[in-house]
Amino acid sequence: MIIVTTDYVPGKEIKEYKGFVKGNTVQSKHIGKDIMAGLKTIVGGEIKEYTQMMDDARQVAIGRMVEEAKQKGANAIIGVRLTTAAIMANTSEILAYGTAVVVEE
């Protein structure tokens, strides 16, 4: 699956638009990671546990978007965007979305 943030795939012609596709996941904090994060806020620095958690969540959201595009018969997704939002205390949603298309092979 080709995934691009542009409205076209460089060097390819869009043959068909399949429509909007998205994937999301809601991630909650882990108490053990909260303790480590609390210590980091005292001494400063990157909170690697949360960085990894959010990276994993992004990969899940993108994977779900790709699966939806495959179900529609697409071989590329253009205009891809990622967004995040707080859902409730200690949780956040990652949303990946774009337009599924068929490009020339």
Side-chain angles (χ1 to χ4, degrees):
M1 182 70 61
I2 300 168
I3 302 171
V4 296
T5 58
T6 56
D7 291 334
Y8 61 93
V9 179
K12 305 269 187 191
E13 182 181 346
I14 295 174
K15 296 292 188 182
E16 185 179 356
Y17 288 85
K18 296 292 189 172
F20 178 76
V21 289
K22 49 87 180 104
N24 71 320
T25 186
V26 176
Q27 188 69 48
S28 65
K29 292 181 182 179
H30 181 277
I31 188 68
K33 292 178 184 178
D34 276 349
I35 294 168
M36 293 304 294
L39 294 173
K40 276 288 189 182
T41 61
I42 295 170
V43 297
E46 178 183 6
I47 303 171
K48 292 180 181 178
E49 295 82 8
Y50 285 145
T51 300
Q52 184 61 51
M53 179 183 74
M54 294 307 289
D55 186 53
D56 292 345
R58 279 189 294 276
Q59 293 306 314
V60 168
I62 290 168
R64 289 176 179 169
M65 176 185 65
V66 167
E67 285 306 310
E68 188 173 317
K70 285 179 182 177
Q71 289 174 3
K72 291 185 174 197
N75 64 355
I77 307 170
I78 60 172
V80 172
R81 302 289 184 267
L82 294 168
T83 186
T84 185
I87 300 300
M88 55 185 268
N90 300 320
T91 65
S92 62
E93 176 190 37
I94 301 290
L95 173 66
Y97 62 96
T99 303
V101 296
V102 175
V103 296
E104 66 183 10
E105 290 294 325

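Quick note: numbers below take in every heavy atom, side chains included, and nothing from hydrogens, waters or symmetry partners.
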Connected via hydrophobic side-chain network under 4.5 Å: Tyr8 and Ile3: no
Transitively linked via ILVMFWY side-chain contacts under 4.5 Å: Ile14 with Val102? no
Hey, what do you get for CE (Met65) to CG (Asn24), rounding to the nearest 0.5 Å? 11.5 Å
Looking at side-chain heavy atoms only, is the closest gap between Val9 and Ile78 below 4.5 Å? yes
Can you find a heavy atom in the side chain of Thr25 that is under 4.5 Å from one in the side chain of Arg64? yes
Gap between atom CG of Asp56 and atom OG1 of Thr51 - 0.5 Å precision: 11.0 Å
What one should report as the nearest heavy-atom pair of Ala69 and Met1 is CB-CE, 3.9 Å
May I ask you to decide if Ala86's main-chain N or O and Ser92's side chain share a donor-acceptor pair within less than 3.5 Å? no
Which is it for Met54 and Ile94 under the side chain to side chain contact (heavy atoms under 4.5 Å, CB included) test, yes or no, and what are the steps along the way? CA-CA 8 Å; Met54 294 307 289; Ile94 301 290; 3.2 Å; yes
Which atom names give the shortest non-hydrogen contact between Thr5 and Arg81, and what distance separates them? O-NH1, 2.8 Å
Linked, directly or transitively: Met53 and Val60 (ILVMFWY side chains, under 4.5 Å): no
Mind listing the closest non-hydrogen atom pair of Lys22 and Glu68 along with its distance? O-OE1, 3.0 Å
Any side-chain to backbone donor/acceptor pair from Lys72 onto Phe20? Under 3.5 Å, distance only. yes
Nearest atoms (heavy-atom pairs only) where Ala100 meets Val21: CB-CG1, 3.7 Å
Would you mind reporting whether Val101 and Ile2 have side-chain heavy atoms less than 4.5 Å apart? no
Going from CD1 on Ile87 to CD on Gln27, what distance comes out if it is rounded to the nearest 0.5 angstrom? 12.0 Å
